Amino acid sequence: MKEIRKLLTAGEDSASRSFTFNGKNDILKEGWNEDDHPRDENGCFTSGGGGGSSAESGEGESSGEAAGPAVGNFGGADVKTFTSAVQAAKDSRPLKDGWRVTAMSAEEFAKEHPGAVCHITSGGSVAAVTKDGDIVSVCKMVGDKSVSGPELLQMAVDAGGTKLDSYEGNHGFYASHGFEPVSWCKWDDNGADEGWINQSWLKANGLKSDITTAELSKIPNSALAVPREDIIFYKYTGGMSTGSAEDFKASMPAASDYMAAQAARDGSL
């Protein structure tokens with residue numbers, strides 16, 4: 001996926017590239033504490049808390065971490081605060097669905113999604129909308145009673161979101177809440193996120209967390225902490241699709257890669 005953090009070592013050929021699946025992350029892992037992030041009467045961050053511009057949070061304009069301006073009641077979080085909140089929301093979820101959320105560093109997010117409008121609910125759930133309408137980093141914090149998953153998604157749509165892509169395991173949710181599948185691409189081992197491989201299986205088979213591309217391709221689904229899932233690209237139509245992910249994938253061939261699937265979807269908007 002576009003937001004999946006590549007675990008390849010830059011500059012090496014694919015046969016010798018190494019993957020690290022150690023379950024660690026350089027993003028803050030502490031839980032979300034709403035008291036540390038004051039808001040105004042509309043639920044948006046005040047300049048004294050986690051929101052506002054990067055300059056207000058001490059980052060400075062030169063950091064490249066400024067987020068886009070709030071759209072109504074959606075947004076207001078700076079990139080650094082937002083990416084920390086994404087990590088906290090991801091960590092709150094069980095592995096079976098939390099792995100699908102990619103948590104980036106503030107620098108990675110700002111580079112990948114410059115000017116995105118970043119939103120954190122009062123209960124710590126997160127979503128962002130990029131300048132071109134891509135909805136990214138959607139994750140509901142476990143225990144957040146301030147918003148439901150569908151409400152969080154609708155807030156992103158109301159803020160200008162028109163499209164998104166996600167692992168097929170999320171298909172039922174997006175297809176039943178206004179998003180029409182348009183294109184898809186196959187899972188790519190090279191783009192896997194952390195926490196994907198079952199560490200006990202690696203140890204039992206004499207493999208280390210750092211494994212080569214060739215070794216990775218031989219690992220069966222049964223040895224994975226989560227299954228390999230293909231990626232589906234959606235556009236917002238407001239309708240409801242009742243077909244399964246498998247039905248959709250059977251209706252058209254996979255795109256050659258992520259970028260081709262993205263282009264096909266964007267061309268339909």
Side-chain angles (χ1 to χ4, degrees), residues 3 25-54 56-57 59 65-106 108-110 113 116-130 133-161 164 166-167 169-170 172-174 176-179 193-195 236:
E3 8 172 12
N25 204 301
D26 24 347
I27 306 170
L28 297 177
K29 287 182 175 289
E30 61 264 24
W32 180 258
N33 185 348
E34 180 65 16
D35 293 338
D36 295 335
H37 307 278
R39 301 166 186 260
D40 61 22
E41 64 275 10
N42 295 316
C44 293
F45 288 111
T46 64
S47 60
S53 71
S54 59
E56 291 173 329
S57 62
E59 290 301 306
E65 296 177 18
V71 178
N73 290 337
F74 185 91
D78 64 79
V79 173
K80 185 175 181 179
T81 303
F82 179 74
T83 51
S84 294
V86 171
Q87 183 67 59
K90 174 187 174 82
D91 288 346
S92 79
R93 305 205 62 85
L95 178 63
K96 65 182 180 65
D97 55 23
W99 75 271
R100 298 188 184 100
V101 180
T102 298
M104 297 180 175
S105 69
E108 289 171 325
F109 188 91
H113 309 300
V117 179
C118 301
H119 184 74
I120 308 169
T121 70
S122 60
S125 297
V126 292
V129 178
T130 68
D134 206 359
I135 300 173
V136 299
S137 299
V138 179
C139 187
K140 186 176 184 300
M141 170 74 82
V142 170
D144 181 6
K145 293 180 172 35
S146 71
V147 67
S148 67
E151 288 171 341
L152 180 64
L153 187 60
Q154 188 60 51
M155 290 169 66
V157 170
D158 293 343
L164 57 81
S166 181
Y167 289 111
N170 290 329
F173 175 72
Y174 289 120
S176 62
H177 290 95
F179 286 83
D193 201 7
E194 293 180 3
Y236 183 74

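The shown structure was predicted, so the numbers you read here are calculated from the model rather than taken from an experiment.
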Chemist: Closer than 3.5 angstrom, by distance alone: can the side chain of S92 be matched with the main-chain N or O of V142 as a donor-acceptor pair?
Modeler: yes
Chemist: Name all residues meeting the side chain to side chain contact (heavy atoms under 4.5 Å, CB included) criterion together with P69; count only those two or more places apart in sequence or in a different chain, and write none if there are none.
Modeler: none
Chemist: Do you know which two heavy atoms are closest between Y236 and Q154, and how far apart they sit?
Modeler: OH-OE1, 3.8 Å
Chemist: Go through the steps for F179 and I135 under the test side chain to side chain contact (heavy atoms under 4.5 Å, CB included), then give the verdict.
Modeler: CA-CA 11 Å; F179 286 83; I135 300 173; 3.7 Å; yes
Chemist: Rounded to the nearest 0.5 Å, what separates atom OG1 in T121 from atom CG in D144?
Modeler: 3.5 Å
Chemist: Can you name the residues that form a side-chain hydrogen bond (donor to acceptor under 3.5 Å, both in side chains) with S176, not counting sequence neighbours?
Modeler: none
Chemist: Holding to side chain to side chain contact (heavy atoms under 4.5 Å, CB included), I want the full list of residues that pass it with A127, two or more places apart in sequence or in another chain.
Modeler: F74, V138, L152
Chemist: What is the distance from atom CE of M104 to atom OG of S137, rounded to the nearest 0.5 Å?
Modeler: 6.5 Å
Chemist: Determine the minimum heavy-atom distance between A128 and C118, stating which atoms define it.
Modeler: CB-CA, 4.2 Å
Chemist: Just one of Y174, F173, W99 clears the ring pair (Phe, Tyr, Trp, His ring centres under 6.0 Å) bar with Y167, so which one?
Modeler: W99
Chemist: Determine, step by step, whether L164 and L153 satisfy the side chain to side chain contact (heavy atoms under 4.5 Å, CB included) criterion, reporting the C-alpha distance in whole Å, the side-chain angles of both residues, the deciding distance to 0.1 Å, and the verdict.
Modeler: CA-CA 11 Å; L164 57 81; L153 187 60; 4.1 Å; yes
Chemist: Looking at NZ of K140 and OG of S148, how far apart are the two atoms once the value is rounded to the nearest 0.5 Å?
Modeler: 7.5 Å
Chemist: For S146 and G123, which heavy atoms make the closest approach, and how far apart are they?
Modeler: OG-N, 3.6 Å
Chemist: Measure across V129 and G160 and return the closest heavy-atom pair with its distance rounded to 0.1 Å.
Modeler: CG1-C, 4.0 Å
Chemist: Salt-bridge test for D97 and R93: reply yes if a basic N is under 4.0 Å from a carboxylate O, no otherwise.
Modeler: yes
Chemist: Could you tell me whether a side-chain N or O of K80 sits under 3.5 Å from a main-chain N or O of A106, the two making a donor and an acceptor?
Modeler: no
Chemist: Please report the shortest heavy-atom distance between S105 and T83, naming the atom on each side.
Modeler: O-CG2, 3.8 Å
Chemist: For D158, which residues count as a salt bridge (charged side-chain N to carboxylate O under 4.0 Å, His left out) partner, sequence neighbours excluded?
Modeler: none
Chemist: Short question: side chain of S125, backbone of M141 - any donor-acceptor pair under 3.5 Å?
Modeler: yes
Chemist: I120 and A77: which non-hydrogen atoms are nearest, and at how many Å?
Modeler: CD1-CB, 3.8 Å
Chemist: Does N170 have any side-chain hydrogen bond (donor to acceptor under 3.5 Å, both in side chains) partners at least two apart in sequence or in another chain, and if so, which?
Modeler: S166
